[in-house]
Asks: 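One structure follows; several queries about it will come next.
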Amino acid sequence: MTILISKTDEQLGQSAGQATAALIQQAIAERGQANVILATGTSQFATLQQLIQEDIDWSRVVMFHLDEYIGLPLSHPASFRKYLQERFLNQVSPLKASYLINGEVDAQEETRRLGALIQAHPIDVALVGIGENGHLAFNDPPADFDTEEPYLIVDLDAACRRQQFNEGWFPTLDDVPTQAISMSVRQIMKSRHIICSVPDQRKAQAVKDTLEQPISNLFPASILRSHPNCQLYLDEPAASLLSSETIPTSHGLT
């Protein structure tokens with residue numbers, strides 16, 4: 001894992017977005033098409049803002065995304081489909097294909113539909129974040145590290161639901177759905193490259209656990225340390241609890 005620390009969230013997003021664009025361009029040059037996974041949430045604002053400014057032939061890009069609440073309508077402010085439509089798809093020229101998770105249909109059928117699609121599209125680059133409880137996508141601890149199913153129906157734990165409420169996506173905690181469709185950990189790890197963007201002081205403990213605790217499903221994002229091509233982008237607040245041994249100078253400061 002390569003760790004890159006920026007002074008601000010904006011600088012983090014610029015670096016992560018440019019790195020993502022380079023990997024997409026490389027995949028298009030080598031294979032004629034890039035298959036990507038996009039994440040949502042506040043941690044991705046700056047990264048996606050940079051990515052949409054990059055010079056990319058989007059007609060050669062196929063997009064999947066990580067997770068979506070079950071039962072939440074597309075019109076809801078917290079809908080991840082709505083997020084990606086507004087913050088990404090509406091901002092770039094048409095993609096070759098975009099496969100969004102529909103949480104309003106039969107969830108089992110939707111996991112099968114998406115699973116078949118993503119297995120036919122080996123992922124070149126995945127954008128992910130880390131939750132305050134250390135989750136990767138909506139794989140809350142203890143996460144399933146073993147299933148080969150590409151997408152899962154998952155129960156959202158109290159810490160995860162509280163984060164969504166505290167970020168302002170829902171008017172009350174009770175309004176936060178209790179289940180979601182999530183890409184599995186193993187499916188994320190099959191990506192050729194992973195770009196993980198994690199800004200903000202409130203993620204500092206999760207970042208510390210991810211990097212300094214044993215790799216364990218109790219710290220789901222810790223699995224990223226075993227990926228051969230993972231870049232972790234932090235801002236200084238998110239990195240504030242890390243020990244000096246975790247971030248040697250060779251990892252750089254942007």
Side-chain angles (χ1 to χ4, degrees), residues 1-27 34 36-58 61 63-67 77-93 95 98 123-132 134-137 163-164 166-169 183 188 191-208 210-211 221 224 227 229-242 247 251-254:
M1 177 184 282
T2 302
I3 304 169
L4 299 103
I5 303 173
S6 299
K7 291 186 179 299
T8 67
D9 181 13
E10 291 75 16
Q11 292 171 333
L12 179 162
Q14 183 178 36
S15 297
Q18 290 172 344
T20 302
L23 291 170
I24 292 173
Q25 292 160 343
Q26 178 183 343
V36 305
I37 297 167
L38 297 188
T40 54
T42 56
S43 67
Q44 302 299 309
F45 285 167
T47 299
L48 289 180
Q49 184 59 41
Q50 181 64 40
L51 183 60
I52 64 176
Q53 299 176 46
E54 296 292 324
D55 183 17
I56 294 170
D57 183 355
W58 294 108
V61 175
M63 185 206 79
F64 292 84
H65 81 117
L66 282 174
D67 44 33
S79 164
F80 294 140
R81 287 180 294 160
K82 177 182 174 69
Y83 177 115
L84 287 172
Q85 287 282 3
E86 294 179 349
R87 294 181 177 273
F88 179 72
L89 292 172
N90 292 349
Q91 307 298 322
V92 299
S93 57
L95 273 61
S98 56
I123 299 300
D124 295 294
V125 55
L127 297 188
V128 301
I130 298 174
E132 291 179 32
H135 71 200
L136 189 60
Q163 176 184 333
Q164 309 309 314
N166 289 339
E167 288 181 357
W169 298 106
M183 189 177 292
I188 294 168
S191 306
R192 290 188 175 97
H193 298 270
I194 296 177
I195 301 287
C196 184
S197 299
V198 191
D200 204 338
Q201 176 68 41
R202 62 194 173 82
K203 299 288 185 74
Q205 186 62 52
V207 168
K208 183 177 179 65
T210 295
L211 296 177
L224 295 174
H227 193 276
N229 298 298
C230 180
Q231 299 176 43
L232 175 61
Y233 290 84
L234 308 172
D235 62 5
E236 289 186 346
S240 61
L241 298 182
L242 294 176
I247 45 172
H251 284 155
L253 182 70
T254 62

Asks: To the nearest 0.5 angstrom, please state how far the CG atom of Asp55 sits from the CD atom of Gln25.
Replies: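 The distance works out to 6.5 Å.
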Asks: Please report the shortest heavy-atom distance between Ala21 and Leu51, naming the atom on each side.
Replies: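 Ala21 and Leu51 have their closest heavy atoms at N-CD1, 4.0 Å.
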Asks: Decide yes or no for Ser197 and Leu127: does some side-chain heavy atom of the first lie under 4.5 Å from some side-chain heavy atom of the second?
Replies: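 In short, these two side chains do not touch, never coming nearer than 4.5 Å.
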Asks: Could you measure the distance from the NE2 atom of His193 to the CD1 atom of Ile123? Nearest 0.5 Å is fine.
Replies: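 His193 NE2 to Ile123 CD1: 12.5 Å, rounded to 0.5 Å.
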Asks: Please tell me if the side chains of Glu54 and Gln18 come closer than 4.5 Å, counting only heavy atoms from C-beta onward.
Replies: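 Glu54 reaches Gln18 side chain to side chain.
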Asks: Is a side-chain donor or acceptor of Gln50 paired with a backbone partner of Ala46 at a separation under 3.5 angstrom?
Replies: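 Such a contact is absent between Gln50 side chain and Ala46 backbone.
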Asks: Quick check for you: to the nearest 0.5 Å, what is the distance between Met1 atom CE and Thr210 atom OG1?
Replies: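 Atom-to-atom, Met1:CE and Thr210:OG1 are 7.5 Å apart.
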Asks: Pick from Leu38, Ile24, Ile37, Ile194: which one makes a side-chain contact (heavy atoms from CB on, under 4.5 Å) with Val125?
Replies: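 Answer after filtering Leu38, Ile24, Ile37, Ile194: Ile24.
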Asks: Tell me if the centroids of the rings in Trp58 and Phe88 come within less than 6.0 Å of each other.
Replies: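 That pair passes the under 6.0 Å test.
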Asks: Just how far is it from atom OG of Ser15 to atom CD1 of Ile195, taken to the nearest 0.5 Å?
Replies: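 It comes to 10.5 Å.
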Asks: CZ/Arg81 to OG/Ser98 distance, rounded to the nearest 0.5 angstrom?
Replies: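 Taking CZ in Arg81 and OG in Ser98, the distance rounds to 12.0 Å.
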Asks: Walk me through it: do Arg87 and Thr40 pass the test side-chain contact (heavy atoms from CB on, under 4.5 Å)?
Replies: CA-CA 9 Å; Arg87 294 181 177 273; Thr40 54; over 6 Å; no
Asks: Looking at side-chain heavy atoms only, is the closest gap between Thr20 and Tyr233 below 4.5 Å?
Replies: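 No, their side chains stay 4.5 Å or more apart.
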Asks: What is the distance from atom CD of Glu10 to atom CZ of Phe45, rounded to the nearest 0.5 Å?
Replies: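 That separation rounds to 12.0 Å.
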Asks: Of Ile5, Val128, Val198, which is the lone residue that meets side-chain contact (heavy atoms from CB on, under 4.5 Å) with Leu232?
Replies: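 Per the side-chain contact (heavy atoms from CB on, under 4.5 Å) rule, the option paired with Leu232 is Val198, out of Ile5, Val128, Val198.
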Asks: Determine whether Leu234 and Leu242 make a side-chain contact, defined as any pair of heavy atoms from C-beta on separated by less than 4.5 Å.
Replies: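 With C-beta onward as the side chain, the pair touches.
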Asks: Pick out which of Arg202, Lys203, Gln164 makes a side chain to side chain donor-acceptor pair (under 3.5 Å) with Glu132.
Replies: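 Only match with Glu132 under side chain to side chain donor-acceptor pair (under 3.5 Å): Arg202.
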Asks: Measure the shortest side-chain to side-chain distance between Met63 and Leu84 over non-hydrogen atoms and say whether it is less than 4.5 angstrom.
Replies: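 With C-beta onward as the side chain, the pair touches.
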Asks: Under 4.5 Å between any side-chain heavy atoms of Thr47 and Gln49, yes or no?
Replies: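 Answer no - side chains too far apart.
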Asks: Who passes ring pair (Phe, Tyr, Trp, His ring centres under 6.0 Å) against His65, sequence neighbours left out?
Replies: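 Once residues adjacent in sequence are excluded, His65 has no partner under the ring pair (Phe, Tyr, Trp, His ring centres under 6.0 Å) criterion.
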Asks: Determine, step by step, whether Thr2 and Cys230 satisfy the side-chain contact (heavy atoms from CB on, under 4.5 Å) criterion, reporting the C-alpha distance in whole Å, the side-chain angles of both residues, the deciding distance to 0.1 Å, and the verdict.
Replies: CA-CA 6 Å; Thr2 302; Cys230 180; over 6 Å; no
Asks: Closest approach of Ser43 and Gly129, non-hydrogen atoms and distance?
Replies: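 Taking Ser43 first and Gly129 second, the nearest heavy atoms are OG-CA, 4.3 Å.
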Asks: Donor-acceptor pair, Ser191 side chain versus Ile188 backbone, under 3.5 Å?
Replies: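 Indeed, once roles are kept as given, a pair shorter than 3.5 Å links the two residues.
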Asks: Is the side chain of Asp235 donor-acceptor paired with the backbone N or O of Asp200 at a distance under 3.5 Å, no angle test?
Replies: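 Yes, because the side chain of Asp235 sits within donor-acceptor range (under 3.5 Å) of the backbone of Asp200.
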Asks: Closer than 3.5 angstrom, by distance alone: can the side chain of Ser6 be matched with the main-chain N or O of Thr8 as a donor-acceptor pair?
Replies: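 Not a single qualifying donor-acceptor pair exists.
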Asks: Any side-chain to backbone donor/acceptor pair from Gln11 onto Lys7? Under 3.5 Å, distance only.
Replies: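 Side chain of Gln11 to backbone of Lys7, a donor-acceptor pair under 3.5 Å: yes, one is there.
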Asks: When you look at Trp169 and Phe80, which way does the side-chain contact (heavy atoms from CB on, under 4.5 Å) test go after all the steps?
Replies: CA-CA 11 Å; Trp169 298 106; Phe80 294 140; 5.7 Å; no
Asks: Looking at Asp124 and Val36, would you say the former's side chain and the latter's main chain have a donor-acceptor pair under 3.5 Å?
Replies: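 Not at all, since once roles are kept as given, no pair shorter than 3.5 Å links the two residues.
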